[in-house]
Structure formats: C-alpha cells, structure tokens
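It should be emphasised that the depicted structure is a prediction, and the values quoted were computed from it without experimental measurement.
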Amino acid sequence: MRHTLRLLAIVFLAISPFPVSGQTNPYELPDPLRMEDGRIVRTRRQWVNERRPELMEMFRSQMFGREPGPAPDLHSEVLEESRDAFGGLATRKQVKISFDKEENYYLILLMYIPNQRKGPVPAFLGANFKGNHATTDDPEVLMPSEEKLATYQPGYVVPERNSNGHRWSYDYILRHGYAVATFCYHDVDPDFHDGFRNGVHQLMDGDNPRDGESWGSIAAWAWGLSRCLDYLDTENAVDSKRVAVIGHSRLGKTALWAGATDQRFALVISNDSGCSGAAIARRKYGETVEAICRSFPHWFCSNYSAYGGKEETMPWDQHELIAMVAPRPVYVASASEDQWADPVGEYYSLVGATSVYNLFGLDGITDRRVPEIESPVVVGRMGHHIRGGEHNVYLYDWERFVSFADRFLK
Ligand code: GCU
C-alpha cells in the first residue's frame, strides 16, 4: 500500500498540467524530515538540534562550501551622507565596510533610509550585479573606485549609471517605510574564476590549501550579506531584527544561502534563483547541475560537480534549502519566460518545504497546481508569484515583496 502511494506520488509529480511548461522525468524528493539514519523528525526540537544541522552540513560539504566566521576586524566609515535623496524622501548613506584592519578588503554599502519614520525601520538588503551607481539615477551615488576596479575581472567595463535602475524600485520601497541597502557583489568576491585568490577568500583563507569542501563564491557573497547585517546592527535608523535578505538570479541563490547560514535574517526572498537556488535539481529542467558546474565552477565547492547528471543521487534537494529558512517567512518569485530557472521547480521547492513549516505549527503551500501567471499566493509564511515575462526584477516583483514583508516586518 505504502509502495503504491509512493508510486502514485511520483507519477503525479511527473505530470505537468500547468500553465508554465515544465515536463520532466519521474523523480522522488528526499523527505526533509527523514534523518540520515532513517528516523523521522517529529518535533521542532529535533529539527533545530538534529535534522537542520545535518542538512546544513550536507549543503556546506557538498554544495556551497564551508563559510568562515566573522570578519577579523569589521569596521565602517561613512563616506557620504545626505538627507536630500530623491527630493527629500530619504537619507542616502554610503558606507565603507572594511573586513580587515588594513582595509584591503571592503565593500561600499549604499543605503537609503526613509526620512519619514518614527523609529528604526525594517530594511531590504541585497547585493547588486553592476555597481551601486547602476541601481539608480541618483547622481550622488559614488562610482566604483580605481582601487576597487583593479580587483575586478581584467577588462571589466564599468556599467553606466542607472543601467540596472529598473531592478531597484527605491521610490516604491521607501514610500512604504522600508530602508534599502545594497552593494556590488564583485566588491566581496569578483565573479570570475581565478583560483580563489581574489576577494574575501584570500583574506579569510590565506594560504590554506583548498579541498572539496572549501567555500565558493556564492558562500562568499552570502558571507558579505552577513557582514552588512553586522554593520546594520550598529545603524540606529534601521532595525537589524527586521531585515529581509533579497537577491536575483545567482544573487537569489546567494540570498537563500545567506538566509540558511544566518538566522538573523528575518525574511528571505529569492527572485529567479533557478538551478542551485530554489529549483528542484531532480527535475533537470532548464539549467542542470552539470551545466552550472561547467559554466560557473567557482560558485560552489568542488564536491558539487560530482552530482552533475546524477541529480537523483543527491542526498538532498533544493526544497531543503527553503526548509532551512523555517520558521521565518520565505518568498520565491519566478518569471514565466525564465524557463532556464524552471519556475515550476521553484514552486515545488516551496511545496516540498511545507512539512517543515508544519512542524512549527505554520501553514505552507501544498497545492501542486502551479499558480497562474501573476496570481500571487501567500500561505502562512510562504509567498510566491510568477511574473509574466523575462528573467529580471521589476516593480511588479517589488510590490509583491513589500506586501509580503508588510505582514511580518511591520
Ligand atoms: C546564468 C546562470 C544562472 C544564473 C544567471 C544569473 O544564466 O546559468 O544560474 O542564475 O546566470 O545570475 O544571471
């Protein structure tokens, strides 16, 4: 009987009568509540003390690598501050956050804080791809320095101001009472493979030899997000206990890993994170483990590539990354034309994580019918939408994120 039910479940997972395409081969997801020794987790305590650490160990040793502890000498310097951003809507603050005493390793955090506030405000924190100056038309935002650019990929061309402004709906976010903070991910670890000699790997690892479990770039960017949270803890205008970590695409994978490794993040949002983010690996739909390890080996620990083409042998799947956020709120966003990121697989990760939320007495998403395009769903502390259109972040996405955050961070 048990066997038949299981078989039915597999067949059910394999059929896709969904508006967003995504036919895949049959697969069976690992049960997040089943311990490696076969025991079933029945209490929150068992989850927190036994199963969650077991899964974290799996993700660390097999996928993202082991991140180090905090920075040796975190300190900050305000480079620029003005209450006049966006016509007086917000205070702009540009802060150099250094990780070491000598300030050889640092990032520049761009912050906007709404001027209309009664006390510390909640915030969105996320890394950006093209530089702080590319997230806005605000002419006061600093361009990356020559010193910083020298650490980026050889031949790096500085993107134009505001070239990614559509991804950062600052005005909307600020008017809804949130601060927003961002930094360029290359500041923490330049996104190219040079054998981990650049970025914070060098600072934190020194000459220690690397092995299969050594941290990759996603772990480094996530570490950078945590260091920003360390800083936000010292920023009076922001409530560091109400910070949502957010990211798009490779930085969506990063936001999920940051949310898993650093439980101080109050809410976690992944946008179009796809393979190795929210998408179920076993579906092998769109980007696969093999493809991502071939194109971006430096994002992961080197053990991960062993699962390329053998996703069914992975002792975990990506719904367990979502489960790691429990019991905190989690939001997974997709875009209908972004088949490379497998919107269906991203949705199923939420469904797969629900049993863990249930353990905390919380509802979760259980409906296997993938929602229609632009029909957002919020159940308990899980949120989801599929925006119509391409792989990107637009105001539509931010409207959903803000309304989701309003439920938990206000
Ligand atoms: C590539 C990669 C994805 C990634 C994306 C991005 O498309 O294959 O895994 O999410 O880049 O970060 O923009």
Side-chain angles (χ1 to χ4, degrees), residues 19-20 86 89-90 111-126 128 135 165-182 238-249 251-252 255-256 258-259 265-273 277-278 322 325-336 338 343 346-347 349-351 353-354 357 362-367 370-410:
V20 179
F86 306 125
L89 176 65
M111 250 191 307
Y112 289 109
I113 304 164
N115 283 333
Q116 234 186 52
R117 60 173 192 273
K118 291 205 185 80
V121 289
F124 290 94
L125 167 68
N128 68 68
T135 67
H166 64 276
R167 286 193 180 168
W168 295 88
S169 302
Y170 288 141
D171 190 83
Y172 183 86
I173 301 166
L174 291 161
R175 284 185 197 285
H176 283 78
Y178 293 86
V180 54
T182 187
V238 169
D239 181 356
S240 63
K241 298 209 164 39
R242 290 185 290 153
V243 174
V245 65
I246 182 167
H248 166 66
S249 208
L251 297 176
L256 288 172
F265 286 115
L267 187 150
V268 180
I269 302 170
S270 101
N271 190 79
D272 303 355
S273 60
I322 304 289
V325 179
R328 294 162 295 158
V330 64
Y331 198 103
V332 172
S334 307
S336 65
D338 188 15
E346 293 181 311
Y347 176 75
S349 259
L350 287 168
V351 177
T354 285
Y357 279 78
L362 299 162
D363 288 338
I365 293 179
T366 51
D367 194 345
V370 179
E372 300 283 340
I373 290 167
E374 298 187 7
S375 311
V377 177
V378 176
V379 181
R381 295 188 185 168
M382 285 184 175
H384 171 267
H385 73 257
I386 302 175
R387 177 178 42 72
E390 52 164 28
H391 179 79
N392 219 324
V393 196
Y394 289 110
L395 177 60
Y396 176 87
D397 302 302
W398 277 107
E399 286 169 350
R400 306 284 85 70
F401 302 152
V402 164
S403 119
F404 184 68
D406 280 348
R407 293 172 179 242
F408 306 105
L409 303 185
K410 280 284 177 70

*Asks:* Within 45° of the axis and under 6.0 Å from the centre of the six-membered ring of Y396, does NZ or CZ of R400 qualify?
*Replies:* yes
*Asks:* Could you tell me whether the side chain of T135 reaches within less than 4.5 Å of the side chain of R167, counting heavy atoms only?
*Replies:* no
*Asks:* Can you tell me how the ring of F401 sits relative to the ring of Y331, calling it parallel under 30°, perpendicular over 60° and tilted otherwise?
*Replies:* perpendicular
*Asks:* Side-chain contact, heavy-atom cut-off 4.5 Å: R387 with D272?
*Replies:* yes
*Asks:* S273 and G252: which non-hydrogen atoms are nearest, and at how many Å?
*Replies:* CB-C, 3.6 Å
*Asks:* Which atoms form the tightest heavy-atom contact between A335 and G389, and what is the distance?
*Replies:* CB-O, 3.4 Å
*Asks:* Rounded to the nearest 0.5 Å, what's the gap from CD1 on I269 to CG on L256? Could you check?
*Replies:* 10.5 Å
*Asks:* Counting only heavy atoms not in Q116, do more than 12 sit closer than 6.0 Å to its CD atom?
*Replies:* no
*Asks:* Could you give the distance from CZ (R381) to CG (L362), rounded to the nearest 0.5 Å?
*Replies:* 4.5 Å
*Asks:* Would you say the side chain of S270 lies within less than 4.5 Å of the side chain of V332, judging by non-hydrogen atoms?
*Replies:* yes
*Asks:* Which value, rounded to the nearest 0.5 Å, describes the distance between S334 atom OG and H384 atom NE2?
*Replies:* 4.5 Å
*Asks:* If we only count heavy atoms from C-beta on, is the V370 to I386 side-chain gap below 4.5 Å?
*Replies:* yes
*Asks:* Search all heavy atoms of S349 against all heavy atoms of I322 and return the closest pair with its distance.
*Replies:* CB-CG1, 3.8 Å
*Asks:* With no hydrogens and no angle check, just 3.5 Å: does a side-chain donor-acceptor pair link D171 and Y112?
*Replies:* no
*Asks:* If you look at every heavy atom in L409 and P122, which pair is closest and at what distance?
*Replies:* O-CG, 3.7 Å
*Asks:* Treating R328 as the side-chain partner and G259 as the backbone partner, does any N or O pair qualify as donor plus acceptor under 3.5 Å?
*Replies:* yes
*Asks:* Between D367 and Y347, is a side-chain hydrogen bond (donor to acceptor under 3.5 Å, both in side chains) present by the stated rule, with each step listed?
*Replies:* CA-CA 10 Å; D367 194 345; Y347 176 75; 5.2 Å; no
*Asks:* Compare every heavy atom of D406 with every heavy atom of Y178, then report the nearest pair and how far apart it is.
*Replies:* OH-OD1, 2.6 Å
*Asks:* Do you know the tightest heavy-atom contact between V377 and P371?
*Replies:* CG2-CG, 3.6 Å
*Asks:* For side-chain hydrogen bond (donor to acceptor under 3.5 Å, both in side chains), just list the numbers for N392 and H248, CA-CA rounded to whole Å, side-chain angles, deciding distance to a tenth of an Å, and then say yes or no.
*Replies:* CA-CA 7 Å; N392 219 324; H248 166 66; 5.0 Å; no
*Asks:* Which of parallel (below 30°), tilted (30 to 60°) and perpendicular (above 60°) describes F86 and Y170?
*Replies:* tilted
*Asks:* State the CD1-CD distance between I173 and E399, to the nearest 0.5 angstrom.
*Replies:* 11.0 Å
*Asks:* How long is the gap from CG on L125 to CG on L267, to the nearest 0.5 Å?
*Replies:* 12.0 Å
*Asks:* Roughly how far apart are D397 CG and I246 CD1, rounded to 0.5 Å?
*Replies:* 8.5 Å
*Asks:* How about NZ on K241, more than 12 heavy atoms from neighbouring residues, nucleotides or ligands closer than 6.0 Å, or not?
*Replies:* no
*Asks:* Can N128 and T182 be said to form a side-chain hydrogen bond (donor to acceptor under 3.5 Å, both in side chains), step by step?
*Replies:* CA-CA 6 Å; N128 68 68; T182 187; 2.9 Å; yes
